[in-house]
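Not measured: the values here are computed from a predicted model. All ligand and atom numbering here is 1-based and tracks the order in the structure. Because only heavy atoms are used, hydrogens play no part in the values below, and waters and symmetry mates are left out as well, while side chains stay in.
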Amino acid sequence: MGALIARLPLLLLALGLWLPAPTHAARILGIFPTPSISHQLPYQAVMKELALRGHQITVISPDPLKEPVANYTDVDISFSYEYFRQVITFADMSEVDPVTMLEMMTPGFIKLVDKQLSSEQIKDFLRYNATQGFDLVFFEWWGYEAFFGLIHAVGSPPVIGILSFGGSIVQFRSIGNPHNPAVNPDVFTGFSEKMTFWERVQNLIAMVRVTRQWEGVMFHEHEKLMRKHFGSAPPPVYDTSRNLSLLILCNHWTLEYPRALLPNVLQLTGLHVREETRPLPADLQAWLDGAEQGVVYFSLGSNVMSKDLPPEKLQAILRALARLPQRVLWKFENDELPGRPPNVRVAKWLPQQDILAHPKVRLFITQGGLQSFQEAAYHAVPLLGIPFMGDQHYNVAKMVSSAIGLRLELKDITEESLYATITELLGNSGYAERMRRFSGVYREHKARSLETALWWVEYVLRHEGAPHLRAASLRLAWYELLLLDVAAAVALAALAALLLAAFALRRLWRALRPSTAPAHHARLRKDQ
Ligand SMILES: *[C@@H]1O[C@H](CO)[C@@H](O)[C@H](O)[C@H]1NC(C)=O
Ligand SMILES: *[C@@H]1O[C@H](CO)[C@@H](O)[C@H](O)[C@H]1NC(C)=O
Ligand SMILES: *[C@@H]1O[C@H](CO)[C@@H](O)[C@H](O)[C@H]1NC(C)=O
């Protein structure tokens, strides 16, 4: 032992030879335009960690950090929140499928990006801060392609795409990763991986529609917007969209399904989930502790508002909750909730992670947002999903297929259906049991997420964009990728061979017939 300790410096030195060269402090720019805190939390987690490791971080975001971090500077575009609410009304879209919703939201997104690029904040950034250049750009890999002009303005460094949920067909296409409609349900559908024939048809249709909307309609609009703000210098939007060094998706196969991934596509999860819990307000703590039958926690997240539910649904929900022996804690955005039963407590904001960590919390009624799903998986709380939009249908399909939760559509909610679903989830211990096992697997992967992200980011920096990871599929047109050109060539060759055979047979037939047939006729004639 003593000898080993004596040799430790030497050992470390030898080990040092095997370690990659240290990555010097890099200048890293984050561009995260979505005005939604659930998108921003995982991005902030990665950027803060990079700042702690000595990199110089600048972030363009509607959610500047509340507590400053050294070497981390925000370009504050928080005006985006109010503007986004003006140009996009989620209420119009509650009844439509996620693909139609994407089509309906496109004009709003284009207006948002135009507003952001026209702002003094971005103009000042371009005037005073862009000239020194950046070594790396982190870009929210969603519909913000006009910002590619800004990437060009900071010197076209390597780009890492990051997205707070799992990728759709367009994200996978952009890096050349396979996305097979036979086995990979798109994030814009509400299917699990076990699709029926009809679901596979719908999945294919959804993928074609999303691709058409994105690369046809949205790219075209972003191209115009980029030219308006950045002139003719930046390369075409389509080219930069297929120039990623690394794609980081914040959904993970533990919360969706195993799939084929290229080495430069990372699935990370729970980046924003805290491992330590913080103390709850004393009265809330006492109220949770005192719930003899346990607690149902109810929150529809930060985009869907419980207060905006149709009044008849709200009344049905209240009647169902009143019949429960459990206490119910509800994130509700109004001070008043008329008809609130005594076992229900409401608050406009709640420390969700610390509540889910409380041992008395036995069920989480959620809209199925991915960040909420991650927190529930970490703290092993079974789920009742009421999906509204985006990837929520997709996430809830996973809860159901893993039997760690149940689904209830808003239109199907009545006092009876809600009461029956909650009592099934609380009365049947199978849900809690399966959720405990699910959580065990989830925690193992969550624990390594941030560390994996940092290693890969520095890898991209060390190897100047890691062009050796670029997939050959990016060079191919869609029909080449589907081998349609090869299939066509094979079909043509087969056709040619068939024609040739037919031609040869005809010649053979002709060659034989003239000698036999006329002779035969001649013989017949002679016999007459
Ligand atoms: C901030 O960055 C500078 C320059 O790289 C470095 O000297 C300093 O130690 C960093 N500060 C912290 C708190 O990491
Ligand atoms: C931009 O540059 C100005 C002037 O040097 C500086 O005060 C400011 O903090 C910089 N902003 C960012 C986001 O780096
Ligand atoms: C692609 O990225 C590299 C840096 O990794 C950059 O030099 C090049 O200009 C980019 N090309 C396009 C079309 O964006």
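- At a heavy-atom cutoff of 4.0 Å, ligand 3 is surrounded by Ser156, Pro158, Pro235, Asp239, Thr240, Asn243.
- When ring centroids are compared, Phe84 and Phe109 come within the 6.0 Å threshold.
- Atom numbering of ligand 2 starts at 1 in the shown order; those under 4.0 Å from a heavy atom of Val75 are 13 (C).
- Between Glu82 and Arg85, no side-chain nitrogen of the basic residue sits less than 4.0 Å from a carboxylate oxygen of the acidic one, so the salt-bridge criterion is not met.
- Within the structure, ligand 1 lacks His55 among the residues with a heavy atom less than 4.0 angstrom away.
- Between Glu464 and Arg462 no salt bridge is recorded (no basic side-chain N to carboxylate O distance below 4.0 Å).
- Proximity to Ala70 (heavy-atom distance under 4.0 Å) selects the following atoms of ligand 1: 13 (C).
- For ligand 2, the atoms sitting less than 4.0 Å from at least one non-hydrogen atom of Asn129 are 1 (C), 2 (O), 3 (C), 8 (C), 10 (C), 11 (N), 12 (C), 14 (O), numbered in the order shown with element in parentheses.
- Using a distance-only test at 3.5 Å, with no hydrogens or angles considered, a donor-acceptor pair links the side chain of His252 to the main chain of Thr254.
- For residues 36-50, no residue pair satisfies the salt bridge (Lys or Arg N to Asp or Glu O under 4.0 Å) rule, not counting sequence neighbours.
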Anything under 3.5 Å between a donor and an acceptor, one on a side chain of residues 264-271, the other on a protein residue two or more places apart or in another chain? List them.
from	atom 1	to	atom 2	distance (Å)
Asn264	ND2	Leu469	O	3.4
Gln267	OE1	Trp253	N	3.0
Gln267	NE2	Glu256	OE2	3.1
Thr269	OG1	Gln374	NE2	3.3
Thr269	OG1	Tyr442	OH	2.8

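- Taking the side chain to side chain contact (heavy atoms under 4.5 Å, CB included) definition, one finds that Ala477 meets it with Tyr479, Glu480, sequence neighbours left out.
- Against a heavy-atom cut-off of under 4.0 Å, Thr58 is close to the following atoms of ligand 2: 13 (C).
- Taking the six-membered ring for Trp, Phe139 and Phe148 have ring centres closer than 6.0 Å.
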